[in-house]
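Only one structure is covered here, and it is reproduced in the block below.
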Amino acid sequence: MLTRGELDLVQGQLASALSVGDPKNSITAYFGSAAGDILLKLPTNLTTYDEYAVYVIDYCVRSRWIETPSLMEKLLSKLLAGGVSHGTAELEAALARVKLRQDPNERFYSTYWVLREQPFLNRQSLRPLLRRFIESSDRALMRIGGPGAGKSYTGELLDYLASLSNELHFVPVRLNDKEGPTYTVESLAGYLLSPMGLGVPESSSSCDAGALCRLILRSTARQLGLWIFVLDGFGQPDLQPEVKELLRLLISNCSGTNDYRRKMRFVLINYSEPLADIMPAAIVDDMIPLPSVCKQDLIDCLMQLNELRRQQGRPTLDGLDTIAAGMLAGAPPAGDKERLRYLYDGLMALATV
Amino acid sequence: MSAELPGIPAQQALAFLREWNKGRQLDQRQLDQRRAYRHAAAVLAGIDDIGSLNPLGPVSPSLSAAEVLRDDLVPVNAKRVGGRVMLSADVRREALAELVGEHGLSAALAANPKERTGPVQAQFENYLMGPVKAIEKQTLPELEDSLQVLLWLDGVPIEHPPLDDVRRRLDYLRLLAPFESLAGDAVFRGRQREMDDLRAYVGVLPPDSLLALIANKALSWIRPTQRPALTVFGPGGVGKSALVARFMLEHTRLPEAVRIPFAYLDFDRPTLDIGRPLTLCVEMIRQLHLQFPIHENVNSLLDLVVKQAAAMADTDQLSAARAALADLLGLIQSMLGLRPYVVTLDTFEEVQYRREASAFPFWDMLTALQQQAPFLRVVISGRAPVESLRLAGKPADSLEIGSLDHTAAIAFLRAQGIDNDDIAARIVNQVGGVPLSLKLAASLIKRIGADARNIDNLTDRSSFWFSASDELIQGQLFERILGHIHNPQVERLAHPGLVLRRITPEVILNVLNEPCSLAITSLTEAEALFEKLRKETALVMINQDEGAEELVHRSDLRRIMLKLLVQKAPAQVRDIHKRAVDWYKTRPGLRARAEELYHRLQLGEGIWQPNTKNPLDDRSIRFSIQTSLEELPIESQLLLAGYGFRVPKEILARADRDEREAGMVAEIEELLPYGPTSVEQAAAIARELLSQANGASPAYRAAARVAFQQGNVAQGLRVVERGLSLTIPANNTIQTLELLREKAWALLGEPEEKLVLGQLNEYARRHQNKSAILQQRSQSAWRVRDQPGERETASALAEIAGLLPDMTTGQIWELVPVLGLMVRGLVTFYPEVADLLGSRVTDEKSPFQLASFADSRVQQALQMLVNDVTDAWGSEALVSDLGLRMVVAERFEQLCAVWPYRVLQVQPPYGSRGSQDLREVAA
C-alpha cells in the first residue's frame with residue numbers, strides 16, 4: 001500500500017502521536033468502530049510507542065482495502081489532521097494514492113530484473129497469480145510445478161519483492177535432492193523459525209510435528225508483515241514421516257484459519273503429494289510449460305534492460321529481436337534447465353556490456 | 001535534455017556473447033582438477049572445511065576446491081550427515097560410478113581422513129567398503145542412515161539391498177517404535193493376568209507355547225467364531241497403551257507362521273479421523289503390508305485405497321472403506337488362513353471427548369465385516385469403557401487395568417532406576433502397585449535419597465492411612481515432590497497455581513501474582529519465573545499452543561493433584577478462578593473463551609453470559625471442556641450433561657429428574673446425525689426417556705424427532721400429539737412451540753399442514769422466536785406458491801429477508817431445508833440475502849465449512865456451495881453480479897434436495913477440521 005520510505009515515515013509520526021496519551025485511546029480515536037478488533041488482537045507484550053505504531057500499521061496494511069474507507073486512509077487522514085513534524089507532502093501524496101486504491105508496489109510484480117541485477121524471465125502466468133496470492137488472503141498455498149524449468153528460481157522474484165517492502169518476508173527452505181532420509185522435523189522447524197530470531201525448544205515434549213506446527217503458527221502470527229514460506233524439494237518420496245506431517249499440518253491450519261492466512265502463506269515447489277485436508281479453492285497452481293522460455297520473453301527482458309541502462313546513462317542494445325534469436329540459437333539443445341541457465345547467464349553477461 | 005547515446009548493434013552484442021560463452025568453457029586442466037575434487041568429495045557424506053579438501057590424485061590445483069566445485073556443492077541440512085556442504089546427488093553418483101570403475105574408492109577415502117566423521121559417513125563407508133549389517137539387524141537410526149546412503153549409491157555399481165526393501169523395513173521399524181518405547185523389554189513388567197486375558201480374547205497362546213507348537217508341527221488355527229469387542233480401560237498412567245503395545249510387540253517377534261496380523265490405530269495421531277474411515281483403511285492396509293511384506297496383493301490394495309482416499313477426501317468414504325476392508329479381510333484369510341486379525345484402537349478417549357457417536361459409521365462397518373470374517377477382533381483402549389460398539393450382537397467385553405502385582409511392581413521400579421530390590425519392595429509396600437504411584441515414588445526417592453527413613457516416610461501411611469486410596473497416595477507423593485522445589489516463589493507458583501490448566505508469563509503476572517504471593521511487577525519477572533517452573537519437569541510439561549508457549553500439569557498428575565490443591569487452599573483456589581475469568585474475558589480467541597468458560601464452571605457459574613453467544617456452539621471449546629469435565633464441580637458437570645456432554649454415570653445418578661432428562665435429550669440430539677445405527681441407539685434412549693416422562697416434558701419432542709428421522713412419520717406424529725396434550729394444558733408454551741415446529745415440518749405439503757402453521761404462527765410470534773417465524777413464513781409461502789394472485793409470498797419474503805441478518809450462522813444452518821423452499825425468490829427480490837448467505841457460508845467457523853457428510857451426494861452439494869461462494873466472494877468485482885447471486889441460490893437448493901435429515905435443527909457431523917483449532921494435551 002505504501003512504499004518502504006513512506007512506511008518508515010508513518011511509523012515515526014504515529015509513534016510520536018501515540019506517545020501523547022494512552023495508545024489505546026488514540027487507536028480508538030483514529031479508527032472508530034474498527035478499533036475494537038485492532039485492540040482485541042493487540043499483543044500483550046508491547047512496551048514502546050514504536051511497537052504500538054508498528055502493530056497498528058501492520059494491521060492497516062494487512063486489511064488493505066477491505067474496509068471503506070480503508071484503515072490506512074483513516075490512519076493517514078488522522079495523522080495529517082493532527083499535524084506531523086515532517087513529511088506532510090509525502091503523506092498527502094500517499095493518502096491520495098491510498099484513496100484511489102493504488103499500490104505503488106504493484107509494478108514490482110512485472111519486473112524482469114531482480115536482485116543483484118539478475119534477470120527474471122518469462123513467467124507471465126505466475127506474475128498475476130503471485131500478486132493476488134500475496135495481496136488477498138483467500139489462498140494459503142501456491143504450488144509451482146509443470147515440466148518446464150525455473151520453478152526453484154521463483155524464489156528470486158519473491159526475494160526481490162521482499163527486499164522492496166517491509167510488509168513481506170520471504171523464507172526459502174530448500175531440501176537437496178535425495179536428502180530426505182536424514183532431514184528431521186526439527187531441522188525444518190529451525191529453518192522456518194530462524195528468520196524470526198527463534199529456535200526450536202530442546203524439550204522433547206515440544207518437538208513432535210503438532211507442537212512444532214503450533215509453535216511456528218504462533219510465532220509467525222506474532223510477527224509483523226506477511227510471511228511467505230517457500231518450500232522447495234519437499235515432494236521427494238523419502239522424507240521422514242514427521243516432516244511430512246509438519247508440512248501437512250502447517251498448510252491445513254493456515255488454509256483453514258483466516259488469522260493465519262493473513263499472516264503467512266506457503267509456496268510449494270515441485271510438490272505433487274495429495275493434500276486431502278485442503279480445499280482445492282484454497283490452492284493456487286502455476287504450471288511452467290515446456291519450453292519455459294520463448295523469443296518474446298527474451299525480448300521483453302531485454303527491453304526492460306534497455307530501460308535500466310537508459311536510466312543509468314549507458315548505451316542501449318539495438319536489434320533486440322536479432323539478439324533474442326541469436327541467444328536462443330546458441331542455447332544448449334539438451335534439457336530445458338540447461339537452456340534456461342544459459343539464457344540467464346547470457347542475459348546477466350549482457351547486462352555488463 | 002541529454003542526447004541519446006548510440007546503441008550497441010545486435011551483432012556486437014552477439015559477438016560479445018560468443019566470447020563470453022567461450023570463456024565459460026573449462027580447459028582440460030580445469031576439467032582434471034574438477035574431476036579430482038569431485039572424486040575426493042564423492043566419498044564424503046558432508047564436508048566441514050571445503051577450503052582444506054584434498055583432491056584425489058596428483059593434480060596441481062590452480063583453483064581452490066570451493067571455486068572448482070562451486071556449481072556442484074549444496075549446503076548440508078541434516079545434522080546426522082555432518083559438515084557444511086556436500087556434493088549434489090547427481091554429481092556424486094557420477095563421480096562414485098567413475099571411482100568404482102577405476103577401483104579408486106579406498107584412495108578417495110584416504111585423501112581426507114579428517115572429514116570422515118559422523119554416523120552417516122560411517123554407514124556410507126560400510127556400504128562402499130563393506131562389511132555391512134543386514135538391514136534386518138539395523139536399528140531405526142542406522143536404517144535411516146542406510147537409506148540416505150543408498151539413495152546416493154542408487155545407480156552406482158556397488159552391491160546393496162534394494163531401496164524398496166530398505167524403505168519397507170524402515171516403515172516397519174517406525175510402526176514398532178512406539179511399541180518399543182512403551183512396552184519394550186527394558187520397560188515392560190508384569191501384567192501376566194491381563195496379557196492372558198487379552199490372548200484369550202484374541203484366541204492366541206503365549207509366544208513360548210506358539211513356538212513350541214511350531215517346533216512340534218502341531219499348530220493349526222481353529223476356526224474362530226464372532227466375538228464382541230474388548231474394551232480395555234483404566235485411568236491415565238495405569239498402563240493401558242503399554243499392555244496392548246506389548247501384546248503386539250510379542251507377536252512381531254514371532255515367525256510368520258504363527259504371527260497374527262494386527263492394525264494399531266492411535267487416535268492421538270491427528271491424521272487418524274474416525275469420521276473418515278478411508279484414512280483408517282489406508283493405515284490398516286499399510287500396516288498389514290509392513291507385517292507381511294511378501295504378499296504383493298496387499299500392496300496393490302494399498303495403492304488403490306491411497307488413491308481413493310486422496311480423490312474421495314470428503315465424499316463417500318464409507319462404502320469405499322467397507323469395500324477396501326472386505327478386500328483386506330479376504331486377503332488375510334487367503335494369505336494367512338484363519339488366524340485372528342486384531343484391530344486395536346488406542347487413546348479412544350480422544351474420540352469420546354469429541355463425540356463418540358461419530359464412530360457409528362465405523363462401527364457399522366466393523367459389524368458387517370465381522371459377519372464376513374469372524375476372525376476379526378477389535379480391542380479398544382481408553383480411559384472410559386466403550387459402550388456404543390456391539391459386535392456379534394453383544395456389548396464389548398471389559399478388561400479393567402489396575403495395579404501391578406508385587407513382583408511386577410518391583411521390576412517396574414527397577415526399570416525406573418531403583419536398582420535395589422529391598423528398597424523397591426519397601427517402596428511397593430508404602431505406595432502400592434499403581435504404575436503412576438511407583439513412578440512418582442521413584443522420582444521422589446531419586447531427589448531425596450534412598451535411606452530407610454525416607455522410604456518409610458514416603459507417605460503418611462500410618463495405620464490411619466493404611467487403607468488410603470491410590471489417589472491419596474499419589475497426591476501425597478506429589479506434594480512431597482513439590483516440597484523439594486528449592487525456590488519458594490516457584491513452589492508458591494506451582495501450588496496452588498497449577499489449578500490453572502495452562503500457565504504463561506502473562507497469566508503469572510495477571511492471574512497468579514497476588515493469590516500466589518509472587519510479588520512481581522513486570523512481565524520480565526514473570527517470564528523469569530516461567531522459565532524456572534518449566535525446569536520442574538516432574539510437575540509440568542511444555543505445550544506449544546497456537547496462542548502461546550504454555551506450561552501444563554503433567555496430564556497423569558493433574559487428575560490427582562487438583563483435588564488436593566482445592567482441599568488445601570479453597571479460598572486461594574477460588575480467587576485464582578475469579579481472576580482467571582477476569583483475565584480471559586478480556587483476551588481474544590477460542591483458547592481464551594475455553595479457559596474463561598472452564599473457570600466459570602469451576603466457580604459454578606452459568607455457561608452463557610448476557611449479550612454473548614453460547615461458547616459451546618464452538619466444537620473446539622466443547623472439546624476443551626470435555627477433556628477437563630471430571631475436574632469440575634458436580635453441579636457444573638450436571639449442567640454440561642444437559643448440553644450433551646459425556647458425564648460419568650455415577651455423577652448422572654445424582655442428577656434430579658429434570659437434569660437427567662435434559663442429559664438424555666441432549667444425548668439423543670448428539671446421535672441424530674450419524675446414520676441408522678446411531679439413530680437406533682437414540683431410539684433406545686428415547687424409549688427409556690418416554691417411559692420415565694411425567695407430565696409435560698422435552699422427552700416427547702426428542703422421541704418424535706427420532707421417529708421422524710427414522711421415517712416413521714405416523715409414530716412421530718402420535719408422540720407429538722401426546723406431548724401437545726400435556727404441554728398445552730400445562731401452559732408450557734415453549735415446549736408447545738417446539739412440538740408444533742416438529743409437527744409442521746413433518747406435515748410439509750400435507751393438507752393438515754395449514755392448520756398447524758396457523759397454530760405455529762401464534763406461538764412463534766408470542767415468543768418472538770425468529771427461527772420459528774422464519775419456518776412458519778417459509779412453509780406458508782411455499783404452500784401457496786403456485787396460486788395466482790396470492791399475497792403471502794411477497795410479504796413472507798420481505799419478513800424473512802428482514803429476519804435473516806439477526807440470525808446466527810448456526811441458526812441459519814439449522815434451517816437450511818426451510819430456506820431452500822424460498823431461497824430463489826428471496827435472492828431474486830432481495831439480492832442482499834445472497835450476500836448474507838455468502839458471508840455465512842464463507843465464515844471459516846461455520847458448519848458449512850466444518851460439516852463432513854458420509855453421503856457423497858450431500859458432501860458434494862455442500863462442497864459445491866462452499867467452493868462457488870468462496871470463489872465468488874473472493875473476487876470483489878464479482879459480488880455485485882446478480883448471476884453469481886443466483887448461483888448461491890441454486891447451490892443452496894441443490895444442497896436441500898439431498899439434505900439427509902428429516903427433521904430440522906440437526907447439528908452437522910464434523911470432520912477432523914471441526915476440532916483442530918484448539919487441540920489439548922489430553923487431560
Side-chain angles (χ1 to χ4, degrees), chain A residues 40-41 44-45 136 138-139 174-184 187 191 201 203 205-206 210-215 217-218 221 238 240-241 245 248-249 252-253 256-258 274 276-277 279-281 313-323 326-327 330 342 345-346 349-350 353, chain B residues 2 5-11 13-14 16-18 20-21 24 74-75 77-81 86 88-90 120 144-145 147-148 151-152 154 167 170 174 270-271 309-310 313 506 523 534 537 541-549 588 844 849 863 866-867 870-871 874 912-913 916-917 919:
Chain A
L40 202 64
K41 290 178 179 157
T44 51
N45 56 350
S136 75
D138 54 351
R139 305 284 196 277
R174 178 148 199 199
L175 180 61
N176 300 315
D177 188 24
K178 312 217 160 167
E179 203 183 1
T182 43
Y183 188 81
T184 60
S187 294
Y191 284 114
S203 154
S205 64
S206 300
L212 288 171
C213 170
R214 293 191 289 276
L215 171 66
L217 293 173
R218 182 183 81 226
D238 292 305
Q240 294 193 3
E245 180 65 4
R248 190 190 70 77
L249 287 171
S252 74
N253 275 286
T257 314
N258 270 337
D277 289 353
M279 283 199 295
R314 295 162 65 198
T316 55
L317 300 165
D318 290 342
L320 300 187
D321 189 78
T322 310
I323 296 174
M327 287 182 80
Y342 170 84
D345 288 350
L350 270 183
V353 176
Chain B
S2 63
L5 288 166
I8 300 170
Q11 290 311 325
L14 287 172
F16 168 82
L17 279 175
R18 277 193 294 276
W20 161 80
N21 198 26
R24 288 185 356 134
V74 291
N77 291 310
K79 275 189 191 154
R80 284 184 74 80
V81 171
M86 62 181 178
S88 68
D90 49 345
V120 176
E144 282 176 344
D145 295 344
L147 181 59
Q148 178 64 80
L151 285 174
W152 292 336
D154 193 23
R167 287 179 178 128
L170 195 52
R174 283 174 177 152
T271 39
E506 285 83 10
L523 194 60
R534 80 186 290 168
T537 51
M541 50 195 282
I542 298 160
N543 181 34
Q544 295 294 349
D545 183 63
E546 288 172 21
E549 185 178 61
E844 66 189 22
Q849 297 274 341
Q863 212 60 58
V866 170
N867 286 349
T870 306
D871 279 349
S912 57
R913 285 182 293 150
Q916 274 189 343
D917 297 303
R919 282 186 59 80

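Fair warning: this is a prediction, and the values are worked out from it, not measured in the lab. Computed over heavy atoms, backbone and side chain alike; hydrogens, waters and symmetry mates excluded. Numbers restart at 1 for each chain; the letters A, B, ... are given by sequence-line order, proteins then strands.
- If you tally non-hydrogen atom pairs under 4.5 Å between each of B:G7, B:A89, B:P9 and chain A, the highest count goes to B:G7.
- Annotation: maximal heavy-atom pairing with chain B below 4.5 Å, among A:G330, A:P241, A:G180, A:G319, occurs at A:P241.
- With a 4.5 angstrom heavy-atom cutoff, B:L147 touches chain A via backbone and side-chain atoms both.
- A donor-acceptor distance shorter than 3.5 angstrom exists from the side chain of B:N77 to the backbone of A:R174, with no hydrogens or angles considered.
- Every residue two or more places apart in sequence or in another chain that forms a ring pair (Phe, Tyr, Trp, His ring centres under 6.0 Å) with A:Y342 is listed here: B:W20.
- The heavy-atom pair separating A:P315 from B:P6 by the smallest distance is CB-O, 3.3 Å.
- Contacts of B:R174 with chain A are made by side-chain atoms alone, with heavy-atom separations under 4.5 Å and no backbone atom involved.
- Contact tally against chain B (heavy-atom pairs below 4.5 Å) for A:R218, A:E179, A:K178: the top residue is A:R218.
- Under the 3.5 Å distance criterion, the side-chain polar atoms of A:N176 are matched with a main-chain donor or acceptor of B:P75.
- If you measure heavy-atom distances from A:E245 to chain B, the contacts under 4.5 Å come from the side chain alone.
- Side-chain atoms of A:T322 and B:Q11, non-hydrogen and from C-beta on, do get closer than 4.5 Å to each other.
- Looking at B:E144, both its backbone and its side chain come within 4.5 Å of chain A, counting heavy atoms on both sides.
- Only the side chain of B:N21 comes within contact range of chain A, with heavy atoms under 4.5 Å apart.
- Contacts of A:D321 with chain B are absent, with no heavy-atom separation under 4.5 Å from either backbone or side chain.
- In this structure the side chain of B:L151 reaches within 4.5 angstrom of the side chain of A:P181, judged on heavy atoms.
- Counting heavy atoms from C-beta outward, A:T184 and B:R80 have side chains that stay 4.5 Å or more apart.
- Note on A:L175, A:D345, A:L320: by heavy-atom pairs under 4.5 Å with chain B, the leading option is A:D345.
- Note: B:R167 CZ to A:D238 CG = 4.0 Å, rounded to the nearest 0.5 Å.
- Put simply, of A:L217, A:L317, A:D177, the one with the most heavy-atom pairs under 4.5 Å next to chain B is A:L317.
- Under the rule for a side-chain contact (heavy atoms from CB on, under 4.5 Å), the partners of A:D318 that lie at least two apart in sequence or sit in another chain are A:T316.
- Distance CD/B:Q148 to OG1/A:T182: 3.5 Å, rounded to 0.5 Å.
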